[in-house]
Amino acid sequence: MRDESNKLSHILSIQYHENVVSTIELEQFGKEKLSFGRGQDNDIVLKSSIVSNQHGFIVFKDGRCIIEDNQSTNGIIINQQKVIKAELKNGDIIRIDDLVNRNSEGISMVYTVIHGEGNQKWRNYFINEAQSITIGRTDDNTIAIKHSSVSRKHAEIFRRKSGFYLKDLGSTNGTFLNGEAIGSEKALKEGDVIFIGNTKFIFYNDKLVYEVITKGLSIEAIGIGKVVKENRGMFKGKAEKRLLDDINISIKPGELVALVGGSGAGKSTFMDTLNGFRRATMGTVLVNDDDFYNNYNAYKNILGYVPQQDIVYDNLNVEEMLTYSAQLRMPKDATMDEIKNRVAEVIKDVELEGRETVVIKNLSGGQKKRVSIAVELLADPQLFFLDEPTSGLDPGMERNMMQLLRKLADKGKTVILITHAMANLHLCDKVTFLGRGGKLCYFGPPKGALDFFNINDFVDIYDLITYEPDQWCDRFKKSNYYIYSKPLKNKSSVKKKHNKIKGQSGLRQFRVLWRRYFKLTVTDRQRLLLLLLQAPIVALLLAIVTKKNAFSIYESTSQILFTLSCAAVWIGVLNSIQEVCKERVIFKRERAVNLKLMPYIGSKLLILGIICIIQSVTMIMIFDLIIKFPTDYNLVWNVKFELIVTTFLTLFASAAMGIAISTLVTNSDRAMSIAPFLLIPQIIFSGFIFKLSGISEKLSTIFVSKWSLRAMAESLNINSLPLKIIEENKNNPQILAALNQMGREVIGAYDHDINLLYRNWIILGVTAVICIAISLISLKINTDK
């Protein structure tokens, strides 16, 4: 049972003569029908000459709040439209006034639905003679909004001769005018809606009326349907498949709501239509009565989402994970003290005090899930989605997790989760049962589900809605429980497209990301050790099998260079081929809250580049300690330097290639299975083993090994080296003369020429750039669709 202190309250904030003269909680009357008007016998008395004696009524019916005009003289205006009767929605502005010319005796009332006993009410700020109004997180602003998504100096409203203008002050999370992020100053007109962080402003010529959303968001799904096309088989084309079928639900602020159903019922699809990640193909989602898809950028910073897979790095401790996440999600002007305080708050919220320094991989499954929840709580979301947060937990931990979510809802967050935890459904305010094919079979209180399905155990519902979804869907629509959904049919909204906000600077994100990636790299000591030992071990093994005079013969020099080059390609690819796909879930969630692609890829390339430098130096220097490189060749400085540069460029280009592959696949196993198909052609098309001509020669231009080997061959002047057979017969003049007369093919691309060396280095660098571009395009396509 929910505590009475968490009830829903319906509030009217009444404004007269530009002042909020009264804030009334409608429940205090204890009546289903309230009258309002100028007469003293009304429940709500409005002292204005343009209000009729008994102007109208407010009626509570089937969980709805309806306003009715009582044949009044001046009527009722809701959101700039005259009405006789209408259902009130959270944030509605009710006026008794002239529709065109404002009357000095006009009455305005703002209707608000709040959760609990909080003070979430509409407030006034009178502009008067103010030339400038600043809005931000700190107290030195004209209007201070204490929310983690709001910047210190977030936005400004200023006066000009032609009127008032709104300007964003370079905030991290954007300023939204009528649902659209503003990129430059915009003129304001009466009735404009401004959204900053968790606060909604309505602009009038003489004042700002604003509401700080502290008690969750309402969310309504109206006629939601989802149709996708799927392959029917070879030569059969594609067929449409319906995943969701005309779903209507209404969730109040601060409610805990469960989505339940069997496999193929569309639970995850439905959740993703509600949170905007995979939008519905039919219907509308309203959040606080705003079209959510149209206003997604305005709301997404106060939306939290925890997928089924944990969105945490196992090798960081709890405090480190949350601190890095806070630096990415909180405004760029947040101080370290503010970040530390916020991290401490969310650790307390998820009940992990005392576990701050524990490495996440050492936590229990339930505690890991709490850290994932804490990551999302950093932005203080008012609407929270969780995909099977109790999956894999034992019954005790399952109950504790549901109790934690109940507490979050009681603190004012609207929480929607997918769950199979039937034993704890009683903790929810409402439960949604979806049948096979995405059909809504029930929506309402958990206890009502048992009565509706006429069973004693929630588990028994699974079979009913799996095998007879159409029957139960029809029965639900004819039942009294459908009162939650029926009024939604009359709602609609206009579709329009809005720009994305700029978000945090790429440079700041890059600083946070490279530090986090560096921390992850050094804390995974086993992997780091393998990365650093690969190159020296290859060099050591190659040196063991190499003769001391190997660089005096063409064939042995070719073998050494071929091994070094192919080993560098192999090591470079294996350095990075799992780097993106292994953390795809974390990346997608961070991308949804304005993570930029270039800082993300750049942070990985910076650390991988440092590793490549270490690997190239150790590979060449350790080999040189045992088998000395020639000292009589030099184009840039000396042979060792040139080989280190070539090896580094080979490693880095290969690492960039590995990153590109990692962005194209969905998991680490698939990435590793692709590696051989990537590496074997490097051997075939290197140009050292097989003679390439025609199409094979053209095809070889895309392979790193070809340009790497050419650069190494040029540095060691391989064309000047004798063949083994000539060296073996140098004391036999007759054979030597015959061999010299036969001659050997000299490849011009291997000439000891500094211009050729620079060209190959440039090609290796360009290859890396092309792979980076592929990575960015792949991530954008796969995450922004």
Cation-pi geometry met for Lys604 and Tyr517 (6.0 Å, 45°): yes
Examine the side chains of Thr138 and Asn141 and answer whether a donor and an acceptor come within less than 3.5 Å of each other. yes
Ser171 side chain to Asp168 side chain, donor-acceptor N/O pair below 3.5 angstrom: yes
Can you confirm whether Phe270 sits close enough to Thr273 that some side-chain heavy atom of one is under 4.5 Å from a side-chain heavy atom of the other? yes
May I ask you to check whether Phe277 and Tyr305 place their ring centers less than 6.0 Å from one another? yes
What about Phe176 and Phe195, are their ring centers closer than 6.0 Å? no
Does either side chain, that of Ser148 or that of Asp380, offer a donor lying less than 3.5 Å from an acceptor on the other one? no
Give a yes or no on this: more than 12 heavy atoms of other residues, nucleotides or ligands lie within 6.0 Å of atom NZ of Lys153. yes
Do any N or O atoms from the side chain of Asn295 and from the backbone of Asp291 form a donor-acceptor pair under 3.5 angstrom? yes
Check this for me, if you would: do Asp314 and Lys361 make a salt bridge, where the nitrogen-to-carboxylate-oxygen distance has to be below 4.0 angstrom? no
Any side-chain heavy-atom pair of Lys596 and Pro599 under 4.5 Å: yes
Look at Arg370 together with Asp310 and state whether they make a salt bridge at an N to O cut-off of under 4.0 Å. no
Results of side-chain hydrogen bond (donor to acceptor under 3.5 Å, both in side chains) for Arg342 - residues two or more places apart only: Glu345
Run through Val306, Leu404, Leu405 and flag the one making a side chain to side chain contact (heavy atoms under 4.5 Å, CB included) with Pro389. Leu405
Between Glu338 and Arg152, is the closest basic N to carboxylate O distance under 4.0 Å? yes
Short question: side chain of Arg508, backbone of Gln327 - any donor-acceptor pair under 3.5 Å? yes
Under 3.5 Å side-chain donor-acceptor pair for Asp192 and Asn178: yes
Could you work out, with side-chain hydrogen bond (donor to acceptor under 3.5 Å, both in side chains) as the rule, every residue matching Lys267, not counting sequence neighbours? none
With a 4.0 Å cut-off, would you call Lys407 and Asp349 a salt bridge? no
I'd like to know whether Arg329 forms a salt bridge (charged side-chain N to carboxylate O under 4.0 Å, His left out) with Glu376, so could you lay out the CA-CA distance, the side-chain angles of the two residues, the decisive distance to 0.1 Å, and finally the verdict. CA-CA 9 Å; Arg329 298 192 181 200; Glu376 293 299 304; 2.7 Å; yes
Short side-chain to backbone donor-acceptor contact, Thr414 and Leu217, under 3.5 Å: yes
Side chains of Thr142 and Ile135, heavy atoms from C-beta outward: is any pair under 4.5 Å? no
Between Tyr600 and Phe510 (judged by ring centroids, cut-off 6.0 Å), do the two rings come close enough to count as a pair? no
Is the charged tip of Arg279 near the ring of Tyr296: under 6.0 Å from the six-membered ring centre and within 45° of its axis? yes
Charged N to carboxylate O below 4.0 Å: is that the case for Arg516 and Glu590? yes
Do you see a donor-acceptor pair shorter than 3.5 Å between the side chains of Ser149 and Asn301? no
Lys582/Glu579 ion pair, N-O < 4.0 Å: yes
Say whether, by atom type as modelled, one donor and one acceptor occur between the side chain of Glu255 and the main chain of Pro253 under 3.5 angstrom. no
Side-chain donor or acceptor of Asp272 paired with backbone N/O of Thr269 under 3.5 Å: no
Taking the side chain as C-beta and beyond, is there a heavy-atom pair between Ser391 and Gln308 under 4.5 Å? yes
Is there a side-chain contact between Met397 and Ser364, using heavy atoms and a 4.5 Å cut-off? yes
Residues Lys252, Glu220: salt bridge by 4.0 Å N-O rule: no
So with a 6.0 Å cut-off around NZ of Lys146, is the heavy-atom count from everything else above 12? yes
Give the intermediate values and the outcome of side chain to side chain donor-acceptor pair (under 3.5 Å) for residues Asp290 and Tyr299. CA-CA 10 Å; Asp290 292 327; Tyr299 279 107; 2.6 Å; yes
Heavy atoms, side chains only, cut-off 4.5 Å: are Ile339 and Met336 in contact? yes
State, to 0.1 Å, how close Val512 and Tyr324 come at their nearest heavy-atom pair, and which atoms those are. CG1-O, 3.7 Å
Is the shortest side-chain heavy-atom distance between Val257 and Val415 below 4.5 Å? no
Would you please say whether a donor-acceptor pair under 3.5 Å links the side chains of Asn315 and Lys519? no
Could you tell me whether Gln526 atom CD has more than 12 heavy atoms of other residues or ligands within 6.0 Å of it? no
Would you say that Val318 contacts Leu363 through its side chain, given a criterion of any heavy-atom pair below 4.5 Å between the two side chains? yes
